[in-house]
Amino acid sequence: MILKKLVCATLLSTSAITSFIYAGSAHAIGFKVETGVAGPNGVTNQGAYSQFWQDSGVTTVDFNNGVAPTTGFAKYSFENGGSSSVRKDQWAPAGANGEVNDTSYLAVFNGDKVTINLDSYLNYFGIDWGAISNNNTFSFYNGDTLIKSFTTQDVNTVAPISAAQHGGERNGYLHFYSESRNDLFNKIVISQASTDGGGFESDNHSFKIGNGRFKGFDPQSVPEPGMTLGMLAVGGLFLRQHKKQKLQSASKS
């Protein structure tokens, strides 16, 4: 009877662990919206920065030199060019407390898109997004395989900053992060579907190279695959030892 209970308990435990593996195997990229933080040396006129911008392994593109990089770790390319560009005007994404950003930022307009090709796989990407307009979309890819897309509708209602210089349109710092190793990405596409006004304004892009889930915003504690297999092995070893003890006891009686 005791052995039967142990077997059932072990099977239930194994089933629960298997569900964790299955949950981790589905494509998933999460996001969180915050106000962001001040920039280098506490500056507030360059838009909001990621709270991780100074962390080891994090690279930030601030566009302050007036161009989007076309070489190096992150390579930006405009699909059509046109009115999309790195520019400086009142629509620059706001600072962490809604401050005016008087530096250059990335703007995508009129059905255009910008592709960011990355030299390494990432598990984190952050942007200062605003003023948030309709038909803005972020898409994350592994090669040519789409992992996840986010639109204006996903973030506008939870964006924390209402900037006066944008007529009250929302702003916020968006953290996108991998929830499993299957969700690492090496390409990001920023697009604006509308051709009748509105744009996609973003600044202070932060990237983090990683080979697992991003630890800053794990939505739940999910065992890594190696840990899970270890738990299964321990459970199986425990069951075998218990069966051996039962057989030894039976032979002595």
Side-chain angles (χ1 to χ4, degrees), residues 27-39 42-55 58-63 74 90-101 103 105-108 113-114 116 122-141 146-180 183-185 188-194 198-208 210 213-221:
H27 288 317
I29 292 179
F31 79 92
K32 185 172 182 178
V33 187
E34 296 188 320
T35 61
V37 300
V43 298
T44 59
N45 67 330
Q46 297 183 11
Y49 279 71
S50 169
Q51 67 195 65
F52 306 107
W53 74 271
Q54 297 185 84
D55 288 4
V58 175
T59 299
T60 297
V61 176
D62 59 21
F63 306 104
Q90 75 178 82
W91 300 105
N97 295 300
E99 299 94 342
V100 172
N101 178 353
T103 61
Y105 69 96
L106 179 68
V108 181
K113 66 181 180 181
V114 171
I116 310 172
L122 304 187
N123 62 4
Y124 169 77
F125 176 60
I127 58 160
D128 189 16
W129 188 351
I132 298 176
S133 304
N134 290 329
N135 301 306
N136 292 350
T137 303
F138 261 108
S139 300
F140 295 86
Y141 291 82
L146 176 66
I147 300 175
K148 182 75 174 179
S149 289
F150 297 90
T151 68
T152 301
Q153 289 71 27
D154 293 319
V155 300
N156 194 44
T157 57
V158 293
I161 300 297
S162 177
Q165 66 270 28
H166 298 156
E169 288 187 353
R170 312 303 295 182
N171 287 249
Y173 201 92
L174 273 289
H175 305 277
F176 298 99
Y177 54 94
S178 299
E179 294 181 353
S180 80
D183 313 321
L184 303 182
F185 49 91
I188 302 166
V189 177
I190 304 171
S191 59
Q192 163 55 249
S194 176
F200 197 150
E201 299 89 4
S202 67
D203 202 357
N204 301 326
H205 296 182
S206 281
F207 307 87
K208 185 170 190 308
R213 292 176 293 121
F214 180 66
K215 302 300 181 181
F217 291 119
D218 279 347
Q220 58 185 347
S221 178

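Just so you know, these numbers come straight off a predicted model, no measurement behind them.
Note: Phe52 and His175 have perpendicular aromatic rings, judged against thresholds of 30 and 60 degrees for the angle between ring planes. Relative orientation of the Phe150 and Phe176 rings is tilted, given thresholds of 30° and 60° on the angle between their planes. Relative orientation of the His166 and Trp91 rings is parallel, given thresholds of 30° and 60° on the angle between their planes.
Of the possible polar contacts, none joining the Asn156 side chain to the Gln153 backbone as a donor-acceptor pair under 3.5 Å is found. The backbone N or O of Tyr105 sits nowhere less than 3.5 Å from a side-chain atom of Glu201 that would complete a donor-acceptor pair. The backbone N or O of Ile29 sits nowhere less than 3.5 Å from a side-chain atom of Asp183 that would complete a donor-acceptor pair. A distance-only check finds a donor-acceptor pair linking the side chain of Asn171 to the backbone of Ala94 [under 3.5 Å]. Of the possible polar contacts, one joining the Gln165 side chain to the Glu99 backbone as a donor-acceptor pair under 3.5 Å is found. Checking side-chain atoms of Asn135 against main-chain N and O of Ser133 turns up no donor-acceptor pair under 3.5 Å.
Put simply, the side chain of Phe63 reaches to within 4.5 Å of the side chain of His205, judged on heavy atoms. Side-chain contact between Asn123 and Lys208: present, with at least one pair of heavy atoms (C-beta onward) separated by less than 4.5 Å. For the pair Ile190/Phe138, a side-chain contact is recorded, criterion being any heavy-atom separation below 4.5 Å from C-beta on. Contact of the Phe125 side chain with the Phe207 side chain is registered, since non-hydrogen atoms from C-beta on lie closer than 4.5 Å. When side chains are defined from C-beta on, Thr44 does not count as touching Asn97, because their heavy atoms never get closer than 4.5 Å. Using a 4.5 Å cut-off on side-chain heavy atoms (C-beta onward), Phe200 and Ser191 make no contact. Counting heavy atoms from C-beta outward, Asp62 and Thr103 have side chains that stay 4.5 Å or more apart. Here the side chains of Tyr49 and Thr60 are in contact, with some heavy-atom distance below 4.5 Å.
Scanning all heavy atoms of the two residues, the minimum distance from Trp53 to Ser206 falls at CB-OG, 4.1 Å. In plain terms, the two heavy atoms of Ala48 and Thr35 that are nearest each other are CB-O, 3.4 Å. The shortest non-hydrogen separation linking Gly172 to Val33 is CA-CG1, 4.3 Å. Contact detail for Ile147 and Tyr141: the closest heavy-atom pair is CD1-C, 4.0 Å.
Screening Asn101, Ile127, Val61, Leu106 against Asp203 for a side chain to side chain contact (heavy atoms under 4.5 Å, CB included) leaves a single residue, Asn101. Of the residues listed (Asn134, Thr137, Asn136), the one engaging Gln192 in a side-chain hydrogen bond (donor to acceptor under 3.5 Å, both in side chains) is Asn136, and it is the only one.
Taking OG from Ser162 and CD from Glu169, the interatomic distance works out to 9.0 Å, rounded to the nearest 0.5 Å. Distance check: Ile188 CD1 to Phe140 CZ gives 5.0 Å after rounding to the nearest 0.5 Å. Distance check: Lys32 NZ to Leu174 CG gives 12.5 Å after rounding to the nearest 0.5 Å.
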